[in-house]
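Below is one structure, written out as C-alpha cells; the observations come after it.
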Amino acid sequence: MKIRCIQKVFVALFLLACQSVFAKMQPVDYVSTLVGTESNYNLSTGNTYPAVAMPWGMNFWVAQTGKNGDGWQYTYTANKIRGLKQTHQPSPWINDYGQFSLMPTVGPKVFNENKRASWFSHKAEVATPYYYSVYLADYDVTAEVAPTERAAVMQFTFPDTDEANVVIDAFDKGSYVKIIPTENKVIGYTTKNSGGVPENFKNWFVMVFDKPFASSVTVQDSIFTNQLEMTAHHAGAIVSFKTRRGEKVCARVASSFISLEQAEQNLNEIGKRSLQQVKTAGCQRWNEVLGRIEIEDNDIDHLRTFYSCLYRSVLFPRSFYELNAQGEPIHYSPYNGEVRKGYMFTDTGFWDTFRCLFPLLNLVYPSMNTKMQEGLVNAYLESGFLPEWASPGHRGCMVGNNSASIVADAYLKGLRGYDINKLWEAVVHGTQAVHPEVSSTGRLGYEYYNKLGYVPYDVKINENAARTLEYAYDDWCIYQLGKALGKKKKEIDVFAKRAMNYKNLFDAETKLMRGRLKNGEFMKPFNPLKWGDAFTEGNSWHYTWSVFHDPQGLINLMGGKAAFNQMLDSVFALPPVFDDSYYGFTIHEIREMQIMNMGNYAHGNQPIQHMIYLYGYSGEPWKTQYWINQTMNRMYNANPDGYCGDEDNGQTSAWYVFSALGFYPVCPGSNQYVIGTPYFKQATVHLENGNTLSIDADGEGCYIQQMTLNGADYQHNYLDHNQLMQGATIHFNMDTKPNKQRGIASEDAPYSFSKNQQ
C-alpha cells in the first residue's frame, strides 16, 4: 500500500513538474524545423528543409548538405555540410533561385564544394526557425546564423589559426564577386535560377565582416586569382583571418533582387545589432505569429507536431518585396524585370495551397493575405495573368485555375484595401486565355471547356479530367465573387452554369469521374486505379471527390447518401493497388500511399485531403471524426519523417492545424468550415480583430457526443466564418463511441451549390 501511495505521489509530482516546464515554454520552443527532412527523390516524408527565416520572409537560410543545384539541399541522413546557403526554394521539384553560400574552413584555401565539406552531427546542431548553429568537425568551427526578413547575422567561432577562411560561393550559371578590403566587405550577385525569371534577373548580395582580412582571393571557375573583382560562369571568393582559439568572426549579410544599393539598404535591418540581439528579436517575432493559436495538452509530442506544422504554414508565400529608404514597399518584378512599387509575393502553388493554406491566412492572419492580394494585382498588371504556380515568376507546374479561389475566398471573408475590381478582371480573363509561354497559367483547354463543358480526353491535353473538375469549382468561385461585387446576373450566370460542368465527367456505371472524348463518349479502357492520364498525381478514386462546391450534387449523382457513403468507405476498404503505366514507373506519391496502410486514401498528396470531411454532408459525420483522428495520429509526427508525402508550401501542414482545431474549409469561398473532431483539450485562437475563438473538449475518444456554440446546443456539421470572427466559444463532449444521431438531418449538412443556389 505504501509503495502504491508513493508511486501516486511521484506520478502527481512528475505531471506537475511537466506542466510547469510546458508553461515556461513558448510556441516556437515546440517547433522542430527538421520535420520532413528525411526525404529523397523516391520517397518523401515532407521534402522540406530546416528553413531559418522570418515568417513569410524574403530570404531563408539552410545548412547545405546536397551538391550545388540539388533540390534536396538538406537531408537528415546526410553527414556533411557544404555551406550555409541563402535559399528561395519552395520545393525540390521546383528547385532554387538566387542562391549563394558562406562556408567557414581552416587551413589551406579550398573552394571545391566536395573538398570543403565538413562532417557534422545532429547532436551538435541547433535548428530553430530563428537561429541555426552547427559544429563543423573537420575545422573545429561553430557556425551560426540568425536572420531578419532580408538580411542575416552570421558568426563563426574559429580555433587558433593563421588560416581561418570564409568561402563565398556565388554559384554557377553567371555570377560576380568583388572584395573591398578597406571596408572588410564582399559584394556580388548570382544569377542562378531554375526558370521563371526575366533575362536581367540578379540577386545582389553584400556582406560586411567585423575583422580585417589577412588575405583574400577571388575564384574564376575553380581557379584562384589575386584580382579583387571577378565575373565568371562560377565566381567566388575566399577571405581569410588570423584568429585566436574561440575568437568569433561576424558577418552581416543582406541581398536584394533590385540592386546593390538596395542590398545595402536591406542591411539596415540588422544595423549594429549582435547575433544574440537578432536571435532574440527573431524568437519574439516567431512567438507573436505562432502564439496566435494557443494549444494546451499534456503530450509534448502533440504540441511539437502542431507548432511545427504551424511554422510550415507561415513560411510561404514568400515576400518578394523590399523596403526603400522611405520605408515604402517596392519590388523587382519576376514577370517583366522592372522595379515597381507595391507588394509582391511568390513561391507557392495554388493547386496545393488554395485548399486550406490561404483559408488559414484569412482566418488567423488576414492582414498578411491583404498584402498578398495586392501582390496578385501587381502580378496581373505586370504579366497579364494571375499566377498559378509562381517561383518567382510563372512556372509550368500542375493544373487548374485556382487563383480564382484565392481571390474569391479572401474577398468573401472580408479582406479589403486592394483593387478587387482589377482582380475581378484578372479572374475573368483567366477563364478565356492561356499564357503563351506557360501552359499551366490561365486555362489550358478553355476553348473546349467553354464549348463542350469539359476538356476532352482525346485532344492531347493531359490530365484533362482534373482540369475540368477544378475549372468547374473555380467558375463557382468566380460566380460567388461576382455576386458579392454586384455584377449583373447576365454577366455571371455563365459561371454558375459552368460550375455544374463536373457532372459531364460522372460515369453512372462506375459512380466515378472519368475522362470523356470529344464526341461525348467516355474514354476506354477505364481503370479507376490508374494514376495520372486523365488526372493529376492521383486516380479516379482520388479526384472523384473534387466537387468542393457541390457535394450534394455528387451525392445525387451517386444515387443518394447510402451509395455515396459506400463509395467513401471504399476508398479505405480498397487495398493500396495502383496502375502506374502513365508514368512508366512508381512515382513517389504512389509509393507513399501504398505504404501507409489506409487503403487507397492518399493523404500524402492534395487532391483527396478534403475527402474525409465529406461524411458531414451525407449524414455520417462520425466517420469523419474517426478518419480524421486516424490520419492525425498515424500520418503526422514531429520527427524527420513527420509527413506522409510532400508538405507542399504549408498545405499539408495547414490541414493538420485546421483539423487539430476541429474544423476544415472543404470549400473555400463558401465561408463555411466543416466540423471534424477536436484534437486538443483546449485551443484558443487570438483573432486579429481582437476577438477570441475558444475551443475546448471534455471526455475521451474522438467522437463528438454533444457540441455547444456560445452555450447553445449545436447540431450542424459546419461553422460559419462570420460566427468565428465575432468571437466564439465552442465546447465538445467527446466519447470513445460514436453518436449516430447527431448531425444527421438534412439541414445539418454544409453548403452545396445545387441545394443552396439562390
Side-chain angles (χ1 to χ4, degrees), residues 27 54-57 149 285-294 309-321 329 342-348 350 353-379 386 402-424 427 477 480-481 484-485 649-651 653-655 657-658 660-661 663-673 683-695 719-728 730:
M54 290 294 97
W56 308 287
E149 279 79 0
R285 172 62 176 153
W286 272 107
N287 278 323
E288 289 172 355
V289 172
L290 299 178
R292 292 283 184 87
I293 305 179
E294 287 186 68
C309 283
L310 188 55
Y311 150 77
R312 292 280 170 200
S313 300
V314 296
L315 286 174
F316 300 101
R318 177 196 313 285
S319 297
F320 200 74
Y321 69 92
Y343 293 106
M344 180 63 66
F345 291 82
T346 189
D347 290 324
T348 185
F350 291 161
T353 55
F354 86 86
R355 302 167 194 270
C356 74
L357 186 280
F358 275 87
L360 181 66
L361 298 180
N362 291 332
L363 177 65
V364 186
Y365 310 102
S367 62
M368 280 305 304
N369 198 17
T370 296
K371 296 177 182 177
M372 293 170 189
Q373 297 298 313
E374 181 181 331
L376 289 177
V377 173
N378 291 329
L386 291 178
N402 298 306
S403 55
S405 175
I406 304 295
V407 170
D409 192 53
Y411 188 80
L412 291 166
K413 286 179 177 166
L415 275 64
R416 299 293 186 269
Y418 51 91
D419 191 346
I420 187 60
N421 289 315
K422 185 58 66 174
L423 289 181
W424 169 257
V427 296
C477 290
Q480 296 298 323
L481 178 61
L485 292 174
N649 308 121
Q651 164 58 28
S653 291
W655 185 96
V657 171
F658 265 121
L661 294 177
F663 52 87
Y664 183 83
V666 167
C667 181
S670 69
N671 282 9
Q672 286 185 356
Y673 305 93
T684 304
V685 182
H686 301 283
L687 302 172
E688 274 190 5
N689 62 13
N691 294 331
T692 298
L693 171 60
S694 179
I695 305 162
L719 292 163
D720 183 77
H721 178 76
N722 291 330
Q723 286 177 317
L724 302 187
M725 294 304 290
Q726 291 169 16
I730 302 171

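One-based numbering along the sequence shown.
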Fill in: Cation-pi, Y411 ring and R416 (6.0 angstrom, 45 degrees)
yes

Worksheet item: Between the side chains of D409 and N362, is a donor N or O closer than 3.5 angstrom to an acceptor N or O?
Response: yes

Discussion item. Set out, in order, the CA-CA distance, both residues' side-chain angles and the distance that settles side chain to side chain contact (heavy atoms under 4.5 Å, CB included) for N671 and K413, then state yes or no.
Written reply: CA-CA 7 Å; N671 282 9; K413 286 179 177 166; 3.2 Å; yes

Discussion item. Checking N722 against Q726: is there a side-chain donor and acceptor pair closer than 3.5 Å?
Written reply: no

Worksheet item: If we ignore angles and hydrogens, is there a donor and acceptor under 3.5 Å between the side chains of T353 and T348?
Response: yes

Fill in: Pairwise distance CD1(I293) to CG(L310) - rounded to 0.5 angstrom
5.0 Å

Fill in: Chi angles and distances behind the side chain to side chain contact (heavy atoms under 4.5 Å, CB included) call for V364, L687
CA-CA 6 Å; V364 186; L687 302 172; 5.6 Å; no

Practice prompt. Determine, step by step, whether S367 and E688 satisfy the side-chain hydrogen bond (donor to acceptor under 3.5 Å, both in side chains) criterion, reporting the C-alpha distance in whole Å, the side-chain angles of both residues, the deciding distance to 0.1 Å, and the verdict.
Written response: CA-CA 8 Å; S367 62; E688 274 190 5; 2.8 Å; yes

Discussion item. Counting C-beta onward and ignoring hydrogens, is there a side-chain heavy-atom pair between P55 and W286 closer than 4.5 Å?
Written reply: yes

Worksheet item: Going by the angle between their ring planes, with limits at 30° and 60°, are Y664 and F658 parallel, tilted or perpendicular?
Response: perpendicular

Discussion item. Under the ring pair (Phe, Tyr, Trp, His ring centres under 6.0 Å) test against W56, which residue among Y311, Y365, F345 passes?
Written reply: Y365

Discussion item. Using the rule given for side chain to side chain contact (heavy atoms under 4.5 Å, CB included), can you reason through Q480 versus L412, listing the C-alpha separation, both sets of side-chain angles and the distance that settles it, and then say yes or no?
Written reply: CA-CA 8 Å; Q480 296 298 323; L412 291 166; 3.9 Å; yes

Worksheet item: Does the pair E149 and S319 meet the rule for a side chain to side chain contact (heavy atoms under 4.5 Å, CB included), with working shown?
Response: CA-CA 8 Å; E149 279 79 0; S319 297; 5.9 Å; no

Worksheet item: Minimum heavy-atom separation for N689 to M725, with atom names?
Response: ND2-O, 2.8 Å

Worksheet item: Does any donor atom in the side chain of E294 or H686 lie under 3.5 Å from an acceptor atom in the other side chain?
Response: yes

